[in-house]
**Student:** 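Got a structure for you, questions after.
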2 protein chains.
Amino acid sequence: MTEPEALPERHGRGRRPADEVRADVLKTVGALLLKEGSADLTFERVARHAGVSKTTLYKWWPSKGALALDGYFHAVQPALAFHDTGDIRADLVDQLRAFAYIMIAAPGGQALLELIGQSQTDPDLATALRTLYTSERRRLAGERLTVAQEAGQIRADVDVQVLVDQLWGATYYRLLVPDEPVTDDFLVALVNNLLDGIAPR
Amino acid sequence: MTEPEALPERHGRGRRPADEVRADVLKTVGALLLKEGSADLTFERVARHAGVSKTTLYKWWPSKGALALDGYFHAVQPALAFHDTGDIRADLVDQLRAFAYIMIAAPGGQALLELIGQSQTDPDLATALRTLYTSERRRLAGERLTVAQEAGQIRADVDVQVLVDQLWGATYYRLLVPDEPVTDDFLVALVNNLLDGIAPR
DNA sequence: TACTTATATGTACGTGGCGTCCACATCAGT
DNA sequence: ACTGATGTGGACGCCACGTACATATAAGTA
């Protein structure tokens, strides 16, 4: 009962348009990633599923991480905008909810956690991940927080980048090391703890 | 110039005392983990280095994760006690400093990050990690925070488990996704943000 | 002491991914 | 029509996986 491995759609021997090949590959990687996670993603399997030769894969994507990451962003639409209604407390909770939804309920969330996991032992992937994703998201969050700071909703002496870790970083931690679940109460508490402080006033 | 792979110290054919074998294995795993990280840790290599047969390894440790985790805790002494001087602000900063030191400067810190990483795709390892380590550390942190709460240093309506994520979880995030470094200022800011709140008073 | 059971040993096997190489085919631009 | 970049199938050696087998011996039992 060996897996049929789907339909490779064999091609002739010669060259095919680079864009066409590239599109086939990314589509395949995205599909495999969403269906099976990044654990079983191998050059060998991608080549078979996409009907593309390994040689080609190795030429375009230097590491499995680069391949996975590239496929991930073609499969998953981030759609994680930072709204600005003027109410920083509500905006943060909203954004955290959207983020948690993507990570928990939407396809691809688990794949991103796995990519972060693999980046612990794959420097190329770590660099790619930071450059293409986390760094940008950290910047966007920082921007929204800075607006709030300039509006006087956050004290001027606070380093907003630390807040990013205490909000999204804390959430990532619960996702990566699930001793405790990410609930709506948790997300609300994250924001309240920071805005109000936890010491008696 | 193929690696000599150290000295396997060959044994005869029959059975050796189980404890002796077990000790050899854990010692070897710990050493490999500290020297090379968990990426290149394989049953094959452990068997060779420890002078033990693969069959034995598979019998005692069901997965690579179980093996790595077992070796890790025999190699690294956590030594992460939670002091109680009565000053929760100082105690938290102290503990975070000790934690950051272990993770950054001491051998084994990187290994733990890699184990967390691999646990994203290895359910057995994830379970073992939570059971043997993270859950216990979360509990200890919670205890110290609860003492502070009962002493009136933290408001009664605060969920102390959320604080664990906003302190250690946030730090883990910076270690796992190093867009920003874990500095002493960062650790201090984590505590201050929560205790004082970030909104103008 | 003799016997039994649990366990470690060497060895080998098939599977499968890795990363690289080759000769050949064909697209794309001049 | 020519040429170079790029894709193709195919094959290679290496290594780790996970399993199996027959054999050897330590530890527990009678």
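A note on names: the letters A, B, ... follow the listed sequences, proteins ahead of strands, and every chain is numbered from 1.
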**Student:** Between the protein and nucleotides 11-16 of chain D, which nitrogen or oxygen pairs are less than 3.5 angstrom apart?
**Tutor:**
from   : atom 1 : to      : atom 2 : distance (Å)
D:dA16 : OP2    : B:Arg48 : NH2    : 3.3

**Student:** Is the distance between the ring centroids of A:Tyr173 and B:Tyr173 less than 6.0 Å?
**Tutor:**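 For A:Tyr173 and B:Tyr173, the ring centres are not under 6.0 Å apart.
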**Student:** Without decimals, in angstroms, what is the distance between A:Asp24 CG and D:dT8 C1'?
**Tutor:** 14 Å
**Student:** Taking only residues at least two apart or on different chains, which pairs with a member in residues 162-174 of chain B satisfy salt bridge (Lys or Arg N to Asp or Glu O under 4.0 Å)?
**Tutor:**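 Passing the test, one end in residues 162-174 of chain B: A:Asp165-B:Arg174, A:Arg174-B:Asp165, B:Arg138-B:Asp165.
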**Student:** Residues two or more places apart in sequence or in another chain: which of them pass side chain to side chain donor-acceptor pair (under 3.5 Å) with A:Arg130?
**Tutor:** none
**Student:** Residues two or more places apart in sequence or in another chain: which of them pass side-chain contact (heavy atoms from CB on, under 4.5 Å) with B:Asp70?
**Tutor:**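 Checked B:Asp70 against side-chain contact (heavy atoms from CB on, under 4.5 Å); matches are B:Arg22, B:Leu26, B:Trp61, B:His74.
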**Student:** If you take any heavy atom closer than 4.0 Å to DNA chain D, which residues from residues 57-66 of chain A end up in contact?
**Tutor:**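 Per residue number, the list reads A:Lys59, A:Trp60.
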**Student:** Can you give each donor-acceptor pair under 3.5 Å made by side-chain atoms of residues 96-108 of chain B, sequence neighbours left out, with the distance rounded to 0.1 Å?
**Tutor:**
from    : atom 1 : to       : atom 2 : distance (Å)
B:Arg97 : NE     : B:Asp184 : OD1    : 2.5
B:Arg97 : NH2    : B:Asp184 : OD1    : 3.4
B:Arg97 : NH2    : B:Asp184 : OD2    : 2.9

**Student:** Output all residues satisfying ring pair (Phe, Tyr, Trp, His ring centres under 6.0 Å) with A:Phe82, sequence neighbours left out; order by chain, then residue number.
**Tutor:** A:Trp168
**Student:** Give every residue pair that meets the salt bridge (Lys or Arg N to Asp or Glu O under 4.0 Å) criterion with at least one member in residues 108-121 of chain A, sequence neighbours excluded.
**Tutor:** none
**Student:** Sequence neighbours left out, what passes side-chain contact (heavy atoms from CB on, under 4.5 Å) with A:Thr55? Give chain and number order.
**Tutor:**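 Scan of A:Thr55 (side-chain contact (heavy atoms from CB on, under 4.5 Å), adjacent residues dropped) gives A:Ser53.
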**Student:** For A:Thr56 and D:dT8, is the shortest distance between a side-chain N/O and OP1 or OP2 below 4.0 Å?
**Tutor:** yes
